[in-house]
Amino acid sequence: MKSIISIYIIAVMNLAAVDLNLLVAFEALMEERHVTRAAERIGLAQPSMSSALRRLRALFADELFLRAGTGMQPTERALALAGPIGEALRQIRGALAPDQGFDPSTARRRITIAATDYGDLVLVPELTRLLRMEAPNIDLAVRPLTDATAALAKMERGELDALIGGHLPESPRSVRHRLFEERFVCIRDAARANQSERLNLQDYAALPHALFSAAGGDGLPSVIDALLARHGVKRRVAVTLAHVVAVPFAVTGTDLVATMAERVARLFTHLAEIAVVVPPLDIPAFAIDLIHLSRATDDPALRWFLDAVDRCARPIAIIS
């Protein structure tokens with residue numbers, strides 16, 4: 001892959017005529033989408049950044065960034081160049097940077113991430129244990145991830161180091177790493193679930209449902225309701241809850257059924273009197289991703305942390 005990137009860079013420009021600082025300016029413009037902020041980030045005066053943008057446009061024979069509101073919108077050509085140029089700069093920085101000798105056992109650092117309720121329950125506990133064992137002086141702050149778009153914007157502003165969760169948005173400035181996939185199951189009161197190991201579609205639709213909706217409201221329509229509609233049936237949401245941890249306890253001792261992520265459901269089988277039941281629908285699985293800025297790998301501490309997240313996810317990816 002690195003060879004392909006290098007060949008691509010060579011193909012699109014005459015390297016002998018390129019000032020490396022222009023590529024640094026391009027990277028700053030791509031991430032900031034604002035000439036003044038990009039200039040401040042790399043220590044240039046605003047007129048110098050404007051001059052760099054003119055030279056970049058001439059170099060690549062494209063406008064690259066167009067005015068949009070108070071900022072700049074990259075063209076398709078700029079978006080296509082962002083990955084190769086970013087990777088080339090990372091390789092150069094890595095080659096020139098001195099060995100910083102990062103040692104997680106002695107390093108002092110505060111890392112701030114945002115995670116969904118799912119991430120809090122399934123991944124963060126394992127991550128916390130690993131940090132206490134391998135990096136006891138690295139502090140971890142976990143913020144709630146309820147608005148993924150807003151969280152992504154915070155990460156791009158440097159307020160967050162990474163995001164963990166499902167259904168996270170795309171961004172040309174970020175890198176997405178797939179941790180594992182999650183599937184759905186149903187939960188019922190344990191005593192009632194003993195009557196049947198699997199719900200049929202008619203019973204599932206007829207039962208009152210408990211629903212987790214972090215955003216508030218009844219959460220409808222959802223993928224489940226769309227699937228039910230294809231079969232000509234509709235469910236009734238009798239209870240809507242703002243926190244996923246409340247769902248198993250609401251189901252215990254009632255006739256409610258809830259559909260939730262399997263790993264979360266199984267966490268609560270020892271805490272609430274619930275049973276995990278196979279749903280009557282083929283509900284698509286969803287991915288749990290780790291998202292971080294592309295430049296995060298230039299930071300030895302963050303690079304180690306991102307690897308730590310991946311190591312914690314590997315055993316979780318195996319559902320017993």
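Since this is a predicted model, take the numbers as computed values, not measurements. We use all heavy atoms of the structure for the numbers below, so side chains are in, but hydrogens, waters and symmetry mates are not.
The two residues A52 and L22 come nearest to each other via the heavy atoms O-CD2, 3.7 Å. Considering all non-hydrogen atoms of both residues, L121 and P125 come closest at O-CG, 3.5 Å. The two atoms that bring L123 and I316 nearest to each other are CD1-CD1, 3.5 Å, heavy atoms only. Contact record, H34 with G71: CD2-CA, 4.3 Å, taken as the closest heavy-atom pair. Between L281 and L228 the shortest heavy-atom distance is CD1-CD2, 3.7 Å. The shortest heavy-atom contact between P248 and V244 is CD-O, 3.4 Å.
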Can L140 and F305 be said to form a side chain to side chain contact (heavy atoms under 4.5 Å, CB included), step by step?
CA-CA 10 Å; L140 177 65; F305 176 79; 3.9 Å; yes
Apply the test side chain to side chain contact (heavy atoms under 4.5 Å, CB included) to residues D117 and V245: give CA-CA distance (whole Å), side-chain angles for both, the deciding distance (0.1 Å), then the verdict.
CA-CA 8 Å; D117 280 4; V245 296; over 6 Å; no
Before you tell me yes or no, could you show the steps for H177 and D310 under side chain to side chain contact (heavy atoms under 4.5 Å, CB included), namely the whole-Å CA-CA distance, both residues' side-chain angles and the distance that decides it to 0.1 Å?
CA-CA 9 Å; H177 178 59; D310 185 60; 2.8 Å; yes
Please assess M49 against E32 for the test side chain to side chain contact (heavy atoms under 4.5 Å, CB included), listing each intermediate value before the final yes or no.
CA-CA 12 Å; M49 178 58 81; E32 297 296 340; over 6 Å; no
Yes or no on side-chain hydrogen bond (donor to acceptor under 3.5 Å, both in side chains) for E40 and T36, after CA distance, side-chain angles and deciding distance?
CA-CA 6 Å; E40 291 173 351; T36 302; over 6 Å; no
Verdict with reasoning, R33 to E156, per salt bridge (Lys or Arg N to Asp or Glu O under 4.0 Å)
CA-CA 11 Å; R33 311 290 175 95; E156 293 176 343; over 6 Å; no
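Taken from CG in L227 to OG in S222, the straight-line distance is 8.0 Å, to the nearest 0.5 Å. Distance check: M260 CE to R266 CZ gives 12.0 Å after rounding to the nearest 0.5 Å. To the nearest 0.5 Å, atoms OG (S174) and CG (L290) are separated by 10.5 Å. With rounding to the nearest 0.5 Å, the separation of CG in L64 from CG in L29 is 9.0 Å. Here the SG-CG distance, from C312 to L131, works out to 7.5 Å after rounding to the nearest 0.5 Å. With values rounded to the nearest 0.5 angstrom, L168 atom CG is found 6.0 Å from D289 atom CG.
Under the rule for a ring-ring contact (aromatic ring centres under 6.0 Å, His included), Y118 has no partner lying at least two apart in sequence or in another chain. Annotation: ring-ring contact (aromatic ring centres under 6.0 Å, His included) contacts of F249 (sequence neighbours excluded): F268.
Between F286 and F184, the angle of the ring planes lies from 30° to 60°, which puts this pair in the tilted group.
Considering R235, K234, R230 in turn, R235 is the only one that fulfils the salt bridge (Lys or Arg N to Asp or Glu O under 4.0 Å) rule with D225.
Judged by the 6.0 Å distance and 45° axis criteria, R263 is positioned over the aromatic ring of F180.
Here the side chain of D161 pairs a donor or acceptor atom with the backbone of T112 at under 3.5 angstrom. Within the 3.5 Å criterion, the main-chain N or O of Y204 finds a donor-acceptor partner in the side chain of H209. The backbone N or O of P169 sits less than 3.5 Å from a side-chain atom of R176, completing a donor-acceptor pair. Under the 3.5 Å distance criterion, the side-chain polar atoms of R188 are left unmatched by any main-chain donor or acceptor of V257.
Applying the 6.0 Å contact sphere to NE2 of H231 captures no more than 12 heavy atoms from other residues, nucleotides or ligands. Other residues, nucleotides and ligands contribute only 12 or fewer heavy atoms inside 6.0 Å of the CZ atom of R67.
R109 and D299 are joined by a salt bridge, as a carboxylate oxygen and a charged side-chain nitrogen come within less than 4.0 angstrom of each other.
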